[in-house]
Structures are given as structure tokens and as C-alpha cells.
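What follows is a set of notes on a single structure, which appears directly below.
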Amino acid sequence: MGNQPEKTSLSAPVSIREAVTKNDTAAFWEQLRLYFKRDMFPDPHDENRTYFLSDTEYRGAIEQIHDRPQDRCYYLFFHRAGQDIGFAMPVIYTTEDGKCFIMEFCVYPKFRGSGAGKECARALLRWAGENGALYSELNYGGNDRRLNFWKSVGFMENGADEWGEPLMLLPPQEDVPITAMILSDPKDWQLQKLENGFLKEIGEQILTKERQERLQQAIQNQKITFFVAKRGYRAVGMCSVTKCFSTFSCSDTGIFDDFYIEPVFRKKGIAQKLVQAAQNWCQENNITSLTVCCAPCDEKMYQALGFITRLGTTLAYLAGTV
């Protein structure tokens, strides 16, 4: 039973201490390296393992985030009954909307079980709130065990990040107004995040670098206009209008597409705000109609959003992937 935590320590509360001394920082990085080798990248030939164990790449990048004056990350230890039992590395984005992004989280193997993980997670969330965080987010790496653990703490699956990795979000408690607006920056990383969440949800591949550049160019050339719904700083939804010329009406028409709202923020009236913004823009720019192609299961939703006129059946010839 040597791997089991002492019974007397199980009832002790979990506290958090920051690694601030040189020795503490060295101990943190030692444990982080062990975690990567043991839990994240056990295959010695894994390219990710090489990157995350690199002092010049991964550690160098993290130290820059740790040392910057704002939106910095923290080296934290979970402490209970006189000893460290795990660590975490969160970033709090105080200049954005108070998001705490949990980059790394680990309970040491000999302390796992008996609810230690949940105690540490709750301690971390309390610490984040005390240090200015308004909500928390993380990337669970597509791992079912981590997915189920964070669900048990209250997190929900919530789309993907700008690299296509699956995200989880602890739903914010604060009621923040949602504003729908035209996307001003085609290189906005939040558009890339929303696009990847949308593509994953409909079973398509995430944006490659080449496709990102083509999309950005199309926005710059005004071939497509994006609308984003923002909860303060955070973009939580999007839609787009592609303008084309109709010889039937001899005027510009629009195609409505890229309609996506992050799962955590659905059923809050955001869909109506986005569609209304797109419809208003069409009226202001003399676009005589806005059409949407949808699956039968979505027809009632689009009808409730103002798409009430049927224009026959849409047929397409797919020339293949360009």
C-alpha cells in the first residue's frame, strides 16, 4: 500500500503556492518534464515529446509568458498536509475578458485517487477567481479520461482552438451583453477558432494554413463578409454572407453560411442577433435576397430566424477539392 496517500492527509485541505524562488522554479520544471514523459508523451519517438521537452522552444516560449507584465502564466503547486501533491500552470488574461486558461494540470501519481484531482481542480478555480479570473477554459487534447474528469468538475465541451484542438469551458456565471458586429480584422485568431469549431462540428477537416490564407484574402477582397457575436472581448459566434450577382434580378444577392455559436453560449438569443446583423447589412448594401442552404432538420430554425421564402430545391455539381 506504499503508493496510497496517508489516511491522515486525505481530510487536509488543498492549498496553492506559487513557485517564486529559484529552487521552486527548478522543482516545477522538473515535475513538468516528468509529467510530459510519463502522462502526455510516453512514446520516446513522439515529435510532440521532443518539442515539449525542449529548453529552447517550449520552455523558452513559456518563460516569456511567465515573465511578461500582463496576461502572464503562473507556476503553481498543489500543497496538502505539508507536501506538494501536484502542479498547475494557468494564464489569466486580465487585458481581455478575465479568462483563465489552464495550460497544464497534474496530480502526482502517488496522490491520485480518493478525490484528490477534484480537490486540486476546485482549489485552482478558487485561486483563479481570487486573482481576477472570471471564467476558465482548457484544452483536453481529445483524451477521454481528461474529458470525463473535467466534466465532473463542471466544464463543458466547447468547440476548438485556433489550432483545431478541442476545448472545454466552465460556463461563466456573469451575464455579459452580447453584441453582433462585422469582423474588422480578417487575421483575427478568434475567427480561426470559431471556424475550426464549426468545421469539427459538421465533421470537416480544420483549416490548413493554406485555407486560412485563402479565407483571409477573400475577406480582404470583400468576397465574403463575416459577422461575429462578442461577449465583451470573447467572440462566441459567427456567420457570413457571400455576395454574388443574380441575372434573374440583375442585382446583388447573398448566401448565408458559416453559422456557428459555441455550445456553452447557445440558447441565449445570439443566433437572432447574428442573423439580424447580417440581414440589416444586406438591406444597407442593396443586397436584394439572402438565401441559406440547410438540412431538413434545420428548416424550422431558419424559418424562425426570418428565412421564410422557399426558392425550390438546391442542386449542386461538386467539382472536387481545389
Side-chain angles (χ1 to χ4, degrees), residues 13-21 24-25 27-29 31-32 58-59 61-80 84-107 117-140 146 149-163 165-179 181 185 188-190 193-194 228-237 262-265 268 270:
V14 172
S15 61
I16 287 182
R17 68 183 188 87
E18 184 179 357
V20 292
T21 68
D24 272 350
T25 300
F28 178 89
W29 277 98
Q31 290 295 339
L32 184 60
Y58 179 74
R59 181 166 180 170
I62 294 300
E63 287 181 337
Q64 286 185 354
I65 299 173
H66 178 269
D67 295 339
R68 65 192 183 191
Q70 291 181 310
D71 299 341
R72 60 179 289 252
C73 73
Y74 297 81
Y75 304 156
L76 304 178
F77 287 109
F78 297 117
H79 196 75
R80 184 175 65 184
D84 293 333
I85 65 171
F87 66 84
M89 188 165 66
V91 182
I92 299 180
Y93 291 91
T94 54
T95 65
E96 295 181 4
D97 60 345
K99 175 179 68 180
C100 173
F101 193 88
I102 303 172
M103 297 179 68
E104 307 296 347
F105 176 92
C106 174
V107 176
K118 289 184 181 180
E119 288 183 54
C120 289
R122 292 181 182 122
L124 177 59
L125 294 174
R126 287 194 300 271
W127 174 91
E130 292 166 358
N131 285 271
L134 299 179
Y135 69 99
S136 296
E137 186 174 42
L138 56 87
N139 173 344
Y140 69 94
R146 289 194 289 273
F149 169 76
W150 288 108
K151 276 185 175 181
S152 73
V153 181
F155 282 72
M156 295 175 58
E157 294 178 81
N158 197 56
D161 64 19
E162 59 268 41
W163 298 282
E165 296 297 326
L167 292 171
M168 298 187 78
L169 190 75
L170 186 66
Q173 298 300 312
E174 294 78 13
D175 186 16
V176 176
I178 304 293
T179 304
M181 63 188 71
D185 180 7
D188 190 335
W189 68 271
Q190 296 202 79
K193 178 195 70 168
L194 291 171
V228 291
K230 286 202 165 185
R231 181 187 182 273
Y233 172 86
R234 185 188 182 95
V236 299
E262 290 184 333
V264 166
F265 299 100
K268 298 181 182 295
I270 297 174

* Structure fact -> For C73 and H66 the tightest heavy-atom approach is O-CD2, 3.4 Å
* Asked: Passes side chain to side chain contact (heavy atoms under 4.5 Å, CB included), E18 versus L76? Steps please.
  -> CA-CA 4 Å; E18 184 179 357; L76 304 178; 3.9 Å; yes
Residues 125-134, side-chain donor-acceptor partners within the protein, below 3.5 Å, at least two apart:
unit_1	atom_1	unit_2	atom_2	d
N131	ND2	W127	O	2.7

* Are any side-chain N or O atoms of R72 and backbone N or O atoms of I65, one a donor and one an acceptor, separated by less than 3.5 Å? -> no
* Does the D84 side chain pair with the main chain of H79, one donor and one acceptor, at a distance under 3.5 Å? -> no
* Decide yes or no on side chain to side chain contact (heavy atoms under 4.5 Å, CB included) for I62 and W29, but give the supporting numbers first. => CA-CA 11 Å; I62 294 300; W29 277 98; 3.8 Å; yes
* Asked: Quick one: ring pair (Phe, Tyr, Trp, His ring centres under 6.0 Å) partners of F87, sequence neighbours excluded?
  -> F28, Y35
* Nearest non-hydrogen partners of I270 and A229, listed with the distance -> CG2-CB, 3.5 Å
* To do: Flag yes if more than 12 heavy atoms outside D175 fall under 6.0 Å of its CG atom; otherwise flag no.
  => no
* Steps toward side chain to side chain contact (heavy atoms under 4.5 Å, CB included) verdict (E262, L167) -> CA-CA 10 Å; E262 290 184 333; L167 292 171; 5.5 Å; no
* Regarding R231 and Y135, is there a side-chain donor-to-acceptor distance under 3.5 Å anywhere? -> no
* Asked: Which atom pair, heavy atoms only, marks the closest approach of A88 to L124?
  -> CB-CD2, 3.9 Å
* Asked: By side chain to side chain contact (heavy atoms under 4.5 Å, CB included), which residues pair with W189, not counting sequence neighbours?
  -> K99, E162, K193, Y233
* Asked: Closest approach of W150 and I102, non-hydrogen atoms and distance?
  -> CH2-CD1, 4.2 Å
* Asked: Can you check whether Q190 reaches V228 side chain to side chain, under 4.5 Å on heavy atoms?
  -> no
* Given side chains that start at C-beta, do those of Y74 and M89 come closer than 4.5 Å, heavy atoms only? -> no
* Asked: So F149 and Y140, side chain to side chain contact (heavy atoms under 4.5 Å, CB included) or not? Walk me through it.
  -> CA-CA 10 Å; F149 169 76; Y140 69 94; over 6 Å; no
* Asked: Would you say E174 has more than 12 foreign heavy atoms packed within less than 6.0 Å of its CD?
  -> yes
* Asked: Is it true that a side-chain atom of T179 and a backbone atom of K230 form a donor plus acceptor pair closer than 3.5 Å?
  -> no
